[in-house]
Amino acid sequence: MRNSILFIIFVALGMSEYSLVEIDASSYTNWVYFSFSTGQVVDIDDPQNSNEWDLGLMRNHFRTNSGLSGGALGGAYVDSTATWTDSWELITEVPSDAIFYTDGMLDTIYDLSTHEFSEAPGSLVLETWGWVDLDNNYQFNYNNFIFFIRTANGEYVKFWPYSYYNDQDVSGHISIAYETGILNNNCSNSADVNYDNILNILDVIMIRDYIIGLGSLSENQQCQADINFDSYIDLLDIVISINIIFD
């Protein structure tokens, strides 16, 4: 079964540049952290205050270095209307309508000793990468949705988690395909919402008007306005923009 899945994956990947890695995330209690820049698992003592990791894994759960999971610029986007099996090579940049969400709180963390579920910070977006078939020996199945990840330093990665089992069919061993250096030509999070290549008070006024309901911004402009990468357009974005203008 795994070999047939891998054949489909490799055909879909075609000749594009990508990396494959298998990560042992089989612990029910300890998160494993991965860096896309180094292509390796990294030891992280304080994930909330470290910029050295981009992806956290535990069982079938993921974290990005953002929101409740970390203090960096991470986030995740999913297009659940399409799959990587049909479009890995076709999509070479971040989609124009992509919105990157920071991590929230997962309530699906299984406790092996109590057989109950608890909460932990994690990516609600990446939680959609697969599902458990309760009627078929709890087999994990893959959606192959189109995912992009924003890294700790604000770069973009094509991301495809394609297997939950190793060669011995042991669960919690997650195989991923990824490609770094993906361009986001639609958004630089610069707060330059009027696209005149200058961040000034005119941009601040447009962002302010959008926040208080006196103006509108397109999806791309909303992305630009989110200068602190937290997926919200609020007073913090205005404060940061003003500080940059008058620095």
Side-chain angles (χ1 to χ4, degrees), residues 6 9-25 31-44 47 50-58 61-67 69-80 82-103 122-123 125-130 142-164 173-190 220 223-224 226 228-231:
L6 289 178
I9 299 299
F10 292 146
V11 169
L13 292 173
M15 298 300 293
S16 64
E17 295 183 4
Y18 62 90
S19 298
L20 299 177
V21 63
E22 180 184 299
I23 301 174
D24 183 355
W31 289 82
V32 178
Y33 294 94
F34 182 80
S35 167
F36 286 115
S37 61
T38 66
Q40 297 179 343
V41 171
V42 288
D43 292 326
I44 303 296
S50 171
N51 291 342
E52 301 302 314
W53 67 276
D54 302 304
L55 186 69
L57 308 90
M58 186 178 73
H61 310 291
F62 289 100
R63 286 175 171 172
T64 67
N65 199 335
S66 67
S69 296
L73 300 177
Y77 159 76
V78 60
D79 179 357
S80 60
T83 65
W84 279 132
T85 51
D86 299 320
S87 50
W88 178 268
E89 288 192 275
L90 299 178
I91 300 178
T92 59
E93 63 182 40
V94 175
S96 60
D97 58 350
I99 298 176
F100 285 81
Y101 291 97
T102 56
D103 283 16
S123 172
V125 170
L126 295 176
E127 196 80 350
T128 65
W129 78 287
Y142 320 107
N143 289 320
N144 295 316
F145 291 156
I146 293 175
F147 291 104
F148 284 83
I149 289 179
R150 191 170 59 209
T151 68
N153 61 3
E155 297 179 350
Y156 296 90
V157 177
K158 285 167 65 173
F159 179 66
W160 185 356
Y162 63 84
S163 181
Y164 184 59
H173 292 256
I174 300 178
S175 293
I176 63 175
Y178 69 92
E179 184 177 340
T180 60
I182 301 300
L183 297 178
N184 186 358
N185 293 316
N186 311 289
C187 178
S188 61
N189 297 89
S190 66
N220 285 349
C223 183
Q224 292 289 98
D226 182 22
N228 66 347
F229 291 88
D230 67 353
S231 298

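Note that the coordinates shown come from a computational prediction; the quantities given were computed from them, not determined experimentally.
- The two residues S35 and V42 have their closest heavy-atom pair at CB-CG1, 4.0 Å.
- Judged by distance alone, with hydrogens and angles left aside, the side-chain atoms of N184 form no donor-acceptor pair with the main-chain N or O of E93 at under 3.5 Å.
- Shortest non-hydrogen contact noted between A177 and L20 is CB-CD2, 3.5 Å.
- Side chain to side chain, D103 and T64 meet the donor-acceptor criterion of an N or O pair below 3.5 Å.
- With rounding to the nearest 0.5 Å, the separation of CD1 in I146 from CH2 in W88 is 10.0 Å.
- Taken from CD1 in I91 to CG in D79, the straight-line distance is 7.0 Å, to the nearest 0.5 Å.
- Taken to the nearest 0.5 Å, the CH2 atom of W160 stands 13.0 Å off from the CD1 atom of I176.
- Using modelled atom types, one side-chain atom of N143 and one backbone atom of T128 make a donor-acceptor pair closer than 3.5 Å.
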Criterion side chain to side chain contact (heavy atoms under 4.5 Å, CB included) on Y142 and Y162, from CA distance to verdict: CA-CA 7 Å; Y142 320 107; Y162 63 84; over 6 Å; no
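- Using a distance-only test at 3.5 Å, with no hydrogens or angles considered, a donor-acceptor pair links the side chain of Q224 to the main chain of S188.
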Worked verdict on H61 versus W31 for side chain to side chain contact (heavy atoms under 4.5 Å, CB included): CA-CA 9 Å; H61 310 291; W31 289 82; 3.8 Å; yes
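- Residues meeting the ring-ring contact (aromatic ring centres under 6.0 Å, His included) test with F34, sequence neighbours left out: F36, Y178.
- Between the side chain of N51 and the main chain of N153, no donor-acceptor pair closer than 3.5 Å is present.
- In terms of heavy-atom proximity, G74 sits nearest to S66 at O-CB, 3.0 Å.
- Here the side chain of W53 pairs a donor or acceptor atom with the backbone of P47 at under 3.5 angstrom.
- Using a 4.5 Å heavy-atom threshold, the side chains of F62 and I149 count as separate.
- Under the 3.5 Å distance criterion, the side-chain polar atoms of R150 are matched with a main-chain donor or acceptor of F229.
- Partner F148 forms a ring-ring contact (aromatic ring centres under 6.0 Å, His included) with one of W84, Y101, F100 and no other, that one being W84.
- Considering only residues two or more places apart in sequence or on other chains, D24 meets the side chain to side chain donor-acceptor pair (under 3.5 Å) condition with S26.
- Taken to the nearest 0.5 Å, the CG atom of L55 stands 9.0 Å off from the OG atom of S123.
- The OH atom of Y33 lies 9.5 Å from the CG atom of L57; values are rounded to the nearest 0.5 Å.
- Rounding to the nearest 0.5 Å places OG1 of T92 at 8.0 Å from CG of L183.
- E52 pairs in a side-chain contact (heavy atoms from CB on, under 4.5 Å) with only one of the listed residues (I44, D43, T38), which is I44.
- Aromatic ring centres of F147 and W129 lie farther apart than the 6.0 Å criterion allows.
- Taking each heavy atom of T102 and S231 in turn, the nearest pair found is N-OG, 3.8 Å.
- Put simply, the side chain of D54 gets close to the backbone of A152: a donor and an acceptor are under 3.5 Å apart.
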